[in-house]
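So that the names make sense, note that chain A is the first sequence line, chain B the second, and so on, each numbered from 1. Note that the structure is predicted; figures quoted are calculated from it, not measured.
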Number of protein chains: 2
Amino acid sequence: MRVAVGGNLMDARTVSMEEEVIKLIDQRLLPGEFVIFEARDYREAGFAITEMVVRGAPAIGATAAYAMAQAQMQGKDLEEVARHLRSTRPTGHDLFYAIELMLQAFREGKDLAKLAEEYAEDSVRRCRAIGRHGLELVQDGSRVLTHCNAGALATVDYGTALAPIRAAKESGREVFVFVDETRPRLQGARLTAWELAQEGIEHAIIADNAAGLLMARGEVDLVIVGADRVASNGDVANKIGTYEKAVLAKENGIPFYVAAPVSTFDFSILSGAEIPIEERNEQEIRQVGGELIAPEKSRVRNPAFDVTPVRYIAGFITEVGILKSDELSVLKEEAERSKGK
Amino acid sequence: MRVAVGGNLMDARTVSMEEEVIKLIDQRLLPGEFVIFEARDYREAGFAITEMVVRGAPAIGATAAYAMAQAQMQGKDLEEVARHLRSTRPTGHDLFYAIELMLQAFREGKDLAKLAEEYAEDSVRRCRAIGRHGLELVQDGSRVLTHCNAGALATVDYGTALAPIRAAKESGREVFVFVDETRPRLQGARLTAWELAQEGIEHAIIADNAAGLLMARGEVDLVIVGADRVASNGDVANKIGTYEKAVLAKENGIPFYVAAPVSTFDFSILSGAEIPIEERNEQEIRQVGGELIAPEKSRVRNPAFDVTPVRYIAGFITEVGILKSDELSVLKEEAERSKGK
């Protein structure tokens, strides 16, 4: 992705590895500071995932792939490394997908460094394909609402939900993006707005509460979000609040699309009811920046994801095309092909 | 309301007047500090309304009533004072209701100080009646979700949406409140949680985004919110995000009630389409506490209210009873009686 740092334009990836060091754009510090976090072993990579230095299901998957490769170079016990990485965050599927892929390759005696690099390259290609396929949904003048960040920062590069928007911009279409700020961690205001500003894509940040009003007023043509895990039936776990937007979109006759690559689809579960929902710590709600915004003795509930039932979803923008929920078996074959290669 | 300040328990009102000074709990500083803001003339009272030292439609109404009385004592031009106060905030109805009431009394040569005091006392009585009527909705063990603050701090005392909850607690029922934090100004996390903590009512603060998940999981029995203005047909303007909660409640089969006194009902308009929606400044979204959370060049949209169409509303908890939308004419008579007295 294009990043202007201190007046210099550079091309950056969210996740990469140089020699034995995993390099991550530190997403805790954006948009204020652009800093690269270096993970020198799998424990540091695990810390980066848990603490959300890196977040977004595909970006977490690539980080885990690199961490497995790094662990092989460092002569670690890869079964133990896999166990540790699996324990970092429960909801997103790419983490488990990438670990499984690498573990299987390791058992077959393969060189994981090469494979992790391919995994990352492949991830970028898949995101670009999502952009190409999703382009047909983003007309000239479209006003798209998105939730959280499913952009380049949530992947290795280019993004999932933001991929069709980037593609529309690249093909010369005017597009306007309403960015849900996405409490509690404000990935919309902090990350999506930053990405769109870097690319010169017009946008406005809104409180999550304002999306309904804008939809009811006819100011939103289309909703595109990413996903953390998609079940076989098409139920989608994504950032908390996604379900609210999906219900409101349906109520207002606005198509609601989910953009995700094959690695986010979990064909081992039938429905969203089987997806574990992470509850994060109370301070994410109680405190913003350094400021305490709530009484200290008040309890807090902080589920980080919700599940959107498939009936609210118009379609899935994937690397193999835009699919309806009854066409997801095509992706299952793609998953098996990816794993077998 | 009961307020513990520095270990001392005191009984406080959100709005009151002593001699010629209007005293307001400064809601910009809660829950961190409990400070009384003093408005010494109508311009200071207007500032307090615009800057949200005082907020909540009924509390703003009482502040305006006192400001008119104060202006009479100070020999001001009351038509000019009324014009100035009307310009402070556009959406809530009580402001206009109270100004009109006082202006009419002034034209009839009445003493506004006595009348303003009666207005405030009457407001508390109406809130207590809302509590008594609403009590039937709050069963022992009920889990109620509320949005924004429609408690004692939004009125002179006791509250509207929180009145049935206070009444349930007083009658010995267990009640649990989910408090939407209510971005951008966080009146839920800052004010509602503070009020509930003062009263020892069990509650948990949630991101606005989490309400849908909790509803879908069956963790919410009932939603009660306040109102800033209700149109003749029952459409409700209330804090931004209310519409989202109403749609989600309906989708999940959860009754959604609006609690408001007669002063909030605007029988001069037919539907919510006629209610002006205030857009507030960008900094409310861009900054939390002192921290800038979004890129400075990103645009922001910040509508402060939305309109919930009457079809999502199970009923109105008022001082004359729980009414369906086709029974609101009872309140119209009550409004005429109040104005005539």
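Within a 6.0 Å radius of CD in A:Gln283, more than 12 heavy atoms belonging to other residues, nucleotides or ligands are found. Heavy atoms from other residues, nucleotides or ligands lying under 6.0 Å from CD of A:Glu291 number more than 12.
Inter-residue side-chain proximity for A:Gln198 and A:Met1 is flagged as unmet; no heavy-atom pair is nearer than 4.5 Å. The closest side-chain heavy-atom distance from A:Arg229 to A:Pro276 is below 4.5 Å. Taking 4.5 Å as the limit, every side-chain heavy atom of B:Glu244 sits out of range of all side-chain heavy atoms of B:Asp208. Using a 4.5 Å heavy-atom cutoff, the side chains of A:Arg299 and B:Glu202 are in contact. Taking 4.5 Å as the limit, every side-chain heavy atom of B:Val300 sits out of range of all side-chain heavy atoms of B:Glu284. The closest side-chain heavy-atom distance from B:Val236 to B:Ile313 is below 4.5 Å.
Using a 3.5 Å distance cut-off with no hydrogens or angles, the side chains of B:Tyr312 and B:Glu251 do not pair a donor with an acceptor.
Contact count against chain A (heavy-atom pairs under 4.5 Å) is highest for B:Glu181 among B:Lys297, B:Glu282, B:Lys245, B:Glu181. Among the candidates B:Pro309, B:Ala207, B:Ser298, the residue making the largest number of heavy-atom pairs closer than 4.5 Å to chain A is B:Ser298. Heavy-atom pairs under 4.5 Å with chain B peak, among A:Ala210, A:Ala197, A:Gly188, A:Pro184, at A:Ala210. Between chain A and the residues B:Asp306, B:Ile277, B:Leu213, B:Thr182, the most heavy-atom pairs under 4.5 angstrom are made by B:Leu213. Interface summary for chain B: among A:Ile293, A:Leu292, A:Ile206, the most heavy-atom pairs under 4.5 angstrom belong to A:Ile293.
Both the backbone and the side chain of B:Pro295 come within contact range of chain A, each with at least one heavy atom under 4.5 Å from a heavy atom of that chain. With a 4.5 angstrom heavy-atom cutoff, B:Leu214 touches chain A only via side-chain atoms. Of the atoms belonging to B:Asn302, not a single heavy atom falls under 4.5 Å from chain A. For B:Glu195, no part sits under 4.5 Å from any heavy atom of chain A, backbone or side chain. B:Leu186 touches chain A through its side chain: at least one heavy atom from C-beta onward sits under 4.5 Å away, while N, CA, C and O do not. With a 4.5 Å cut-off on non-hydrogen atoms, B:Lys250 does not touch chain A at all. Of the atoms belonging to A:Gln287, not a single heavy atom falls under 4.5 Å from chain B. Contact annotation for B:Phe305: only backbone heavy atoms (N, CA, C, O) come within less than 4.5 Å of a heavy atom of chain A. When heavy atoms are compared at a cutoff of 4.5 Å, B:Arg217 approaches chain A solely by way of its side chain, counted from C-beta outward. Both the backbone and the side chain of B:Ala211 come within contact range of chain A, judged by heavy atoms closer than 4.5 Å.
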Side chain to side chain contact (heavy atoms under 4.5 Å, CB included) evaluation trace for B:Gln27 with B:Thr14: CA-CA 9 Å; B:Gln27 302 190 38; B:Thr14 301; 3.4 Å; yes
